[in-house]
Participant: 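A single structure is presented below for examination.
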Number of protein chains: 2
Amino acid sequence: MAPPPEPRQGADWLRAVAQEVRTFDRSSTAERVAELLRHRVIEGDLPPGTRLSEEQLVEVLHVSRNTLREAFRLLTHEGLLVHLLHRGVFVPELDEDDLVDLYRLRRTIECDVVRRLERLDPVRLRPLHDDVAAGEDAARRDDWDAAGTANMRFHQHLVALAGSRRIDETAARLLAELRLAFHTVAAPQRLHEPYVSRNRGLLDLLVAGETDRAAKELEVYLHDSETQLVGAFRERSGRNP
Amino acid sequence: MAPPPEPRQGADWLRAVAQEVRTFDRSSTAERVAELLRHRVIEGDLPPGTRLSEEQLVEVLHVSRNTLREAFRLLTHEGLLVHLLHRGVFVPELDEDDLVDLYRLRRTIECDVVRRLERLDPVRLRPLHDDVAAGEDAARRDDWDAAGTANMRFHQHLVALAGSRRIDETAARLLAELRLAFHTVAAPQRLHEPYVSRNRGLLDLLVAGETDRAAKELEVYLHDSETQLVGAFRERSGRNP
DNA sequence: CTTGGGGGATCGTTGAACGACTGCCTAGGT
DNA sequence: ACCTAGGCAGTCGTTCAACGATCCCCCAAG
């Protein structure tokens, strides 16, 4: 009720409110719809190749066609939907070229971020610890979807160490598209199991401040992951031409 | 008139047509509007901070408000416009933090691309030769806007050597935003002059196949460019608070 | 088997409308 | 004088209905 007697003290308090407002009020309908669809796509509920009918979604979501189309634009630019003129939007079907392209960008971003790390405050590794723990926990529970999620978060937090907004955004787009790829092959355990321990190893190297070795390890890590994913991809397209 | 007697020969011919169609028919109104505005923003015709009124632009461009808004979304996601809820879209005013963030991403992308080059077919350096020549020519004519354009194209073609669609797109966004920064400081000659010869030097290293040295040179090149730009930026904000 | 139309469904774009929000200006209180 | 609340334009956010354009599928003719 009473206003804070010290205006100085109010500063961080106000910041907390501002943070809350940002996720609360500061979202247009289009962004909320986009968020909803984003989850559906990332979680794999909408299989690649699905067409998202404007008419149907307008009906279900109770938003206007224009608003829905704005949400489509949002997701299209994140690579989570593709827009074909006069045909509509689809959940993209990534092919092998997309996979290697994705990993090409992923290698340059992640490896370079790690390589350039220096004077790393251990506190900033906290989120990485949590993600690794979450991955190990999920593995124990045989919940390989959760393990995959934890893995994605680990890598997102890894590049966040660079402290660059634009690098974060690029990585976010990248990892979201990658999840799409995971869903097209759909073999969660084989895909994610090896990396719960390798993430742990990577983190240990970072804790020890061995950024060069970590970068090198990450390089082969990503190489392995790519070949494995490409392999699984070929298997799948072999038995499903 | 007569169809080609050899269907085999038609293959590359068809590809050329497909290419043409892609730029001709394959653009929605929103994309054409976006392209138009993109040029205005990149060329600096719209100074940073300008608000783009929906009402006015609808009037001038003879498109509907919804279409215009789709174009806005397109450019917003390229970083060329910022969208403030209930306030409209503006040409962004980059601050110093944006500059270092931009260069942070730029270093990881460009340097890593160069570092990973190997077995480079000299033919693929052709566009780089053209850009360097264009830069030198523009410098002779004291046309520093053209020199800046040539420089941007040089760097775009440089990352294109990686042969990755997503890296190209990331770089394109990055360089477009950077042009925005150039326009806020507006000292074309001092900004671009040093780099027409440095681009030449970089290209020579690539021709010689010395990718490691090229990567190292690019590292200090970008570092110099950043400090110079930040310096110019501080000058400007000093005399224009 | 290829080529050349319908037909139906869906998209692209428009224009108008109404509620909601922002920034500014003014009036009123201290 | 200074600060605060309230009103007032000006825009934006969102919705709705409609029309033309385009694509896909299917079927008939060559």
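So you know, we letter chains A, B, ... as the sequences are listed, proteins then strands, and number each from 1. Just so you know, these numbers come straight off a predicted model, no measurement behind them.
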Participant: In whole angstroms, how far is the P atom of C:dT10 from the NE2 atom of A:H83?
Facilitator: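 About 15 Å, once rounded to whole Å.
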Participant: Using only modelled atom types and a 3.5 angstrom limit, is any donor from either the side chain of A:R65 or the base of C:dG12 paired with an acceptor on the other?
Facilitator: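 For A:R65, whose side chain was compared with the base of C:dG12, there is a donor-acceptor pair (under 3.5 Å).
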Participant: May I ask you to check whether A:F182 and A:H192 place their ring centers less than 6.0 Å from one another?
Facilitator: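 Yes; A:H192 has its ring centre under 6.0 Å from that of A:F182.
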Participant: With a sphere of 6.0 Å drawn around CZ of A:R153, does it hold more than 12 non-hydrogen atoms of other residues, nucleotides or ligands?
Facilitator: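 Atom CZ in A:R153 is not crowded, with 12 or fewer foreign heavy atoms closer than 6.0 Å.
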Participant: Can you find an N or O donor on one side and an acceptor on the other, under 3.5 Å apart, linking the side chain of B:N66 with the base of C:dG15?
Facilitator: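 Check passes, donor-acceptor contact within cut-off.
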Participant: In whole angstrom, what separates A:E59's CD from D:dT15's C1'?
Facilitator: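 Atom CD in A:E59 sits about 15 Å away from atom C1' in D:dT15.
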Participant: Rounded to whole angstrom units, what separation is found between the CZ atom of A:R51 and the C1' atom of C:dT10?
Facilitator: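 So the CZ-C1' distance, A:R51 to C:dT10, works out to 7 Å.
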Participant: In terms of side-chain heavy atoms, does B:S64 have a donor or acceptor partner in B:R69 at a distance below 3.5 Å?
Facilitator: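 Per modelled atom types, B:S64 and B:R69 side chains form no pair under 3.5 Å.
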Participant: OP1 or OP2 of D:dG13 sitting under 4.0 Å from any side-chain N/O of B:R69?
Facilitator: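 So the side-chain polar atoms of B:R69 do come within 4.0 Å of the phosphate oxygens OP1 or OP2 of D:dG13, strictly under.
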Participant: Are A:H223 and A:Y103, when compared by the centres of their aromatic rings, separated by less than 6.0 Å?
Facilitator: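 No, the ring of A:H223 stays outside the 6.0 Å limit from the ring of A:Y103, centre to centre.
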Participant: Taking for each residue the nucleotide of DNA chain D bearing the nearest heavy atom, is the 5' side occupied by B:V89 or by A:H62?
Facilitator: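 Final value for this comparison: B:V89.
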Participant: Can you measure B:F72 atom CZ to D:dC12 atom C1' for me and round it to whole angstrom units?
Facilitator: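 Taking atom C1' of D:dC12 as the reference, CZ of B:F72 is at 11 Å.
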Participant: When the distance from CG of B:L52 to P of D:dG10 is rounded to whole Å, what number comes out?
Facilitator: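 Interatomic distance, CG of B:L52 to P of D:dG10: 20 Å.
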Participant: Would one find a side-chain N or O of A:T67 under 4.0 angstrom from OP1 or OP2 of D:dT15?
Facilitator: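 Yes.
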Participant: Both A:R73 and A:E55 contact DNA chain C. Taking the nearest nucleotide for each, which residue is further toward the 5' end?
Facilitator: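 Taking each residue's closest nucleotide, the earlier one in sequence belongs to A:E55.
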Participant: Any side-chain donor paired with an acceptor under 3.5 Å for A:R179 and A:T149?
Facilitator: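 Side chains of A:R179 and A:T149: pair found under 3.5 Å.
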Participant: Where the side chain of A:H86 is concerned, which of D:dT15, D:dG13, D:dT22 is the nearest nucleotide?
Facilitator: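 Of D:dT15, D:dG13, D:dT22, D:dT22 is nearest to the side chain of A:H86.
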Participant: If you check every side-chain atom of A:L85, which of C:dC11, C:dG12, D:dT15 has the closest atom?
Facilitator: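 Side chain of A:L85 sits closest to C:dG12.
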Participant: Whole angstroms only, please: what is the CG-P distance between B:L57 and D:dG10?
Facilitator: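 Rounding to the nearest Å, CG of B:L57 and P of D:dG10 are 19 Å apart.
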Participant: Of the nucleotides C:dT13, D:dC12, C:dG23, which one has an atom closest to the side chain of B:S28?
Facilitator: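 Closest nucleotide among those given: C:dT13.
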Participant: Can you tell me if A:R87 touches the phosphate of C:dT10, counting only side-chain N or O atoms and a distance under 4.0 Å to OP1 or OP2?
Facilitator: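 Result: no.
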Participant: Report the distance from atom CD of A:E70 to atom C1' of D:dT14, rounded to the nearest whole Å.
Facilitator: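 Taking CD of A:E70 and C1' of D:dT14, I get 9 Å after rounding.
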Participant: Quick one: which of D:dG13, C:dT13, C:dC11 gets closest to the side chain of B:E54?
Facilitator: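 For B:E54, the side-chain atoms sit closest to D:dG13.
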Participant: Whole-Å distance between D:dG13 P and A:E31 CD?
Facilitator: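 My rounded result for the distance is 10 Å.
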Participant: Does a side-chain N or O from B:T29 land closer than 4.0 Å to OP1 or OP2 of C:dT13, or not?
Facilitator: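 For C:dT13, OP1 or OP2 has a side-chain N or O of B:T29 closer than 4.0 Å.
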